[in-house]
Number of protein chains: 4
Amino acid sequence: MAVKPKKPTLIEEVRRKQVIETAIQAIASRGFAHTTLADIAKMAGVSTGVITYHFKNKDDLLEQCIRTLFEAPNNFVTERVDMQRTYVEKLRVYIESNVEFMLKNRNHSIAMVQSFGFLNAEEEKFRITSRQHTKIRNYLIRIVDGGKKHKEFRDVPSTTIAQLILASLEGIMIQWALSEKDVDLPLYAEQLVDMITRQVRIAS
Amino acid sequence: MAVKPKKPTLIEEVRRKQVIETAIQAIASRGFAHTTLADIAKMAGVSTGVITYHFKNKDDLLEQCIRTLFEAPNNFVTERVDMQRTYVEKLRVYIESNVEFMLKNRNHSIAMVQSFGFLNAEEEKFRITSRQHTKIRNYLIRIVDGGKKHKEFRDVPSTTIAQLILASLEGIMIQWALSEKDVDLPLYAEQLVDMITRQVRIAS
Amino acid sequence: MAVKPKKPTLIEEVRRKQVIETAIQAIASRGFAHTTLADIAKMAGVSTGVITYHFKNKDDLLEQCIRTLFEAPNNFVTERVDMQRTYVEKLRVYIESNVEFMLKNRNHSIAMVQSFGFLNAEEEKFRITSRQHTKIRNYLIRIVDGGKKHKEFRDVPSTTIAQLILASLEGIMIQWALSEKDVDLPLYAEQLVDMITRQVRIAS
Amino acid sequence: MAVKPKKPTLIEEVRRKQVIETAIQAIASRGFAHTTLADIAKMAGVSTGVITYHFKNKDDLLEQCIRTLFEAPNNFVTERVDMQRTYVEKLRVYIESNVEFMLKNRNHSIAMVQSFGFLNAEEEKFRITSRQHTKIRNYLIRIVDGGKKHKEFRDVPSTTIAQLILASLEGIMIQWALSEKDVDLPLYAEQLVDMITRQVRIAS
DNA sequence: AATGAATGAGCCTTCATTCAT
DNA sequence: TATGAATGAAGGCTCATTCAT
């Protein structure tokens, strides 16, 4: 008899998505540490058992949340970036659509900042976060390299530039999560785009 | 009977410092969520009771940790920045000495990133972090304003520039905490200084 | 509306037997405590619902298991014993066929030993086990009494002898369940037959 | 710094003993499966936390219980057996003092029967039970061998005799645990001594 | 007859906090 | 000051049971 190939029913997938989304909302408002399964269940309007029925355990759920926290903005952003033709435009759109996503999903941003708190190398949560960072950085490196190849950019260190863009976006997320009113995101994006462009572009 | 007038003995202060420092090390290695008072006590070589004897409760201890996490690098950095005469130099030293502190105190950096993950607006820990951010930002704003006043800088938006510097430093801290080998901090600092300088300085 | 007159369909009976047998296998390999209905269902290749559909509840299933655990060897043994003419032969065959059944159904023996461990006087499971013990003892008493009546046996205390035979068989089952290789069952049977015979038979 | 050598304080040892004894009583009356830590704690008049403070977890406690369940009667019995000079006497006293211990500690016997339910080879509880059985059997083998060497016993198979004695004692424990009034233990002991003696002794 | 998603009570376990010594 | 035994609330997890399909 063949091993059952783990067929995730439709309803199964829907429930999981629902629970993950609710969990993210819960994390955003209570913080990672103070979010209990009972909280999430109550917010989702289901019983506690549902969660451990659909997820192996709490950590499994949190891992899915972290994954979603990275993939959702990533999909949103890359979709827009890939439509641009010039590399200067790609960088501009990368920054702008990241900020756009943040503005549209403040809770996601808050939850993501919270997720930085899981840096115990023993945990799968750590590895997921780490892998996502690498993925993002590589995506940016490819853009910078493309810009250099097409003579749009001068010979800047691609990795460092990628780190800089990622850092300045995750960094502002922290400040904005801590105090919304203290940060004017569109203005920040504009300034960041200006600065990055000035830094990488071949002077005309 | 009168309330004991809070006479922080010398030994008292030493013990507190010791416990706070141990707690930071514990947080760095286990993560915020998994650090128990028993862990800290054992690492410090004292009994559990010592902690609740010297601190009101666990949150009190964590608050002191967060405060230390911000104040230690802050003292290190401002001391060096204030010695600089030109504003371009101040910005350069600000960035460089931040990175220097990180390199000298990796565990502090890791613990600080961890601390971002436990931010619940209802908590004092949140307010402390928020206040520290404001303080840092104001310090940077004053430098930028100074540079503008002394005609070293052109008319850049001070607040945004301050946010950008803070973000790019806290942001890189996350990447470096997640994967030390993936980030060349000195190179990053150099690039960041170059970029910021280029952005603010009046073209000569 | 009249109560459904309990019409145990053929298929119904087949299903029940199948589930009971699977449950016994599960108990033998996982232990009473760790056998869940989900385990049994999965092993039987059916859904969880099937079990509670065919059995009132988990305890009902376990009770049927215990009953089977006693009745199966009992049927096997009495069938053979009743064919013997002399009482000495009856005792010999009683012991030997018990051991034969054990060798042919190791998992049943293991499950039976496990079942001893979950006896709470308040439970029906306890009463079933107790009743089965009485039944077996009475069967053996009748044999011993027969032997005495037909002058094959001397005047031994029938009840005690019955207890002794039952005890030495259930007792060895424990040792054999714990460690198969440490017990040579046929040799044990031979020695037990020899000893019991020597004890009850009228010296010739 | 040397590893702390785990010094079990006096009070620590007392507490552990107390909890173990209470647990045995609880197991005897409720059964292994239905005994919760809360039950034990309440019976012992302490808080739930005490148990997990002094024991690693529930399984750890149960393991200690099983160990005690075997060692207590063992100490009681061997102490008396070792005082006997002849091997016939040793066997007699072995059986009689086992029964004596049972009569004095009915709850221990009941709990021990319950413990037979842990036959999951993966569990430490299994290994403990198994090891204890081996220990007892070896002790009996040594007696039988001694009897043979000193020409008190004829050439019987030592291991099988040892198995038989152990089986007939553990077996009667089951019957007596299930129904006290159905088993006359002293009479049983007498008959068992008579039968074993008759079996092993060199006919005079 | 059968399924399997959903429920929720019950239990183990962790851990901050207290307090007698 | 310091200790560490003891407490008990809180939370994750298991699993028998129910029920709509």
Side-chain angles (χ1 to χ4, degrees), chain A residues 7 9-12 14-16 19 33-41 44-62, chain B residues 9 11-12 15 33-42 45-62, chain C residues 9 11-12 14-15 33-42 44-62, chain D residues 7 9-12 14-16 19 33-41 44-62:
Chain A
K7 77 176 141 88
T9 333
L10 184 64
I11 188 161
E12 164 84 14
V14 170
R15 258 280 182 273
R16 287 173 63 91
V19 172
H34 296 123
T35 301
T36 70
L37 291 188
D39 286 339
I40 299 170
V46 296
S47 74
T48 345
V50 167
I51 296 176
T52 37
Y53 180 77
H54 290 287
F55 297 86
K56 222 174 65 217
N57 52 34
K58 193 186 184 183
D59 255 36
D60 182 26
L61 168 58
L62 295 184
Chain B
T9 333
I11 189 163
E12 161 83 14
R15 259 276 184 274
H34 296 128
T35 302
T36 69
L37 291 188
D39 285 339
I40 299 170
K42 187 182 286 181
V46 297
S47 75
T48 338
V50 166
I51 294 176
T52 36
Y53 181 79
H54 289 288
F55 295 87
K56 218 173 69 214
N57 53 33
K58 191 185 186 186
D59 256 36
D60 182 25
L61 168 58
L62 294 182
Chain C
T9 333
I11 189 163
E12 161 84 15
V14 169
R15 259 276 185 273
H34 296 128
T35 302
T36 69
L37 290 187
D39 285 339
I40 299 170
K42 187 181 287 182
V46 297
S47 75
T48 339
V50 166
I51 294 176
T52 36
Y53 181 79
H54 289 288
F55 297 87
K56 220 173 65 211
N57 52 33
K58 191 186 187 186
D59 256 35
D60 182 25
L61 168 57
L62 294 183
Chain D
K7 77 179 142 92
T9 333
L10 184 63
I11 190 160
E12 164 83 15
V14 169
R15 257 281 180 271
R16 285 173 65 92
V19 172
H34 296 124
T35 302
T36 69
L37 291 188
D39 286 338
I40 298 169
V46 296
S47 75
T48 346
V50 166
I51 295 176
T52 36
Y53 180 76
H54 290 287
F55 296 86
K56 221 173 65 216
N57 52 33
K58 192 186 186 185
D59 255 36
D60 182 26
L61 169 58
L62 294 184

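Lettering follows sequence order; numbering is per chain, from 1. Every value quoted in this text rests on a predicted model; they were computed, and no experiment measured them. Just the heavy atoms: all of them, side chains too, but no hydrogens, waters or symmetry mates, feed the values below.
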For [X] and [N], give me the distance from atom [atom1] to atom [atom2], rounded to whole Å.
| X | N | atom1 | atom2 | value |
| --- | --- | --- | --- | --- |
| D:I11 | F:dG4 | CD1 | P | 12 Å |
| B:F55 | F:dT1 | CZ | C1' | 15 Å |
| A:H54 | F:dC13 | NE2 | P | 16 Å |

Gap separating the [atom1] atom of [X] from the [atom2] atom of [Y], nearest 0.5 angstrom:
| X | Y | atom1 | atom2 | answer |
| --- | --- | --- | --- | --- |
| D:Y53 | D:R15 | OH | CZ | 11.0 Å |
| B:L37 | B:I40 | CG | CD1 | 5.5 Å |
| D:L62 | D:N57 | CG | CG | 8.5 Å |

Above 12 or not: heavy atoms from other molecules or residues under 6.0 Å from NZ of B:K58?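 Yes, because the 6.0 Å sphere around NZ of B:K58 holds more than 12 heavy atoms from other groups.
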
Report the residue (A:S47 or C:G45) whose heavy-atom-nearest nucleotide on DNA chain E is the more 5′ of the two.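 Looking at DNA chain E, the more 5' nearest nucleotide goes with C:G45.
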
Show each protein N/O and nucleotides 10-14 of chain E N/O combination with a separation under 3.5 Å, one pair to a line.
unit_1 : atom_1 : unit_2 : atom_2 : d
E:dC12 : OP1    : D:K58  : NZ     : 2.6
E:dC12 : OP2    : D:L37  : N      : 3.0
E:dT13 : OP2    : D:K58  : N      : 2.8

Sugar-phosphate only, base, or nothing, as touched by B:I51 at under 4.0 Å among non-hydrogen atoms: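 Touches nothing.
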
For residues D:F55 and D:V19, report the shortest heavy-atom separation together with the two atoms involved.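 For D:F55 and D:V19, the tightest heavy-atom pair comes out as CE1-CG1, 3.7 Å.
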
Test applied, side chain to side chain contact (heavy atoms under 4.5 Å, CB included); reference residue, D:H54; option that passes from D:V50, D:I51, D:T52: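 When side chain to side chain contact (heavy atoms under 4.5 Å, CB included) is applied between D:H54 and each of D:V50, D:I51, D:T52, only D:V50 qualifies.
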
Which base sits across from F:dA6 as a Watson-Crick or G-U pair, both distances under 3.5 Å?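 Matched F:dA6 with E:dT17 under the 3.5 Å cut-off.
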
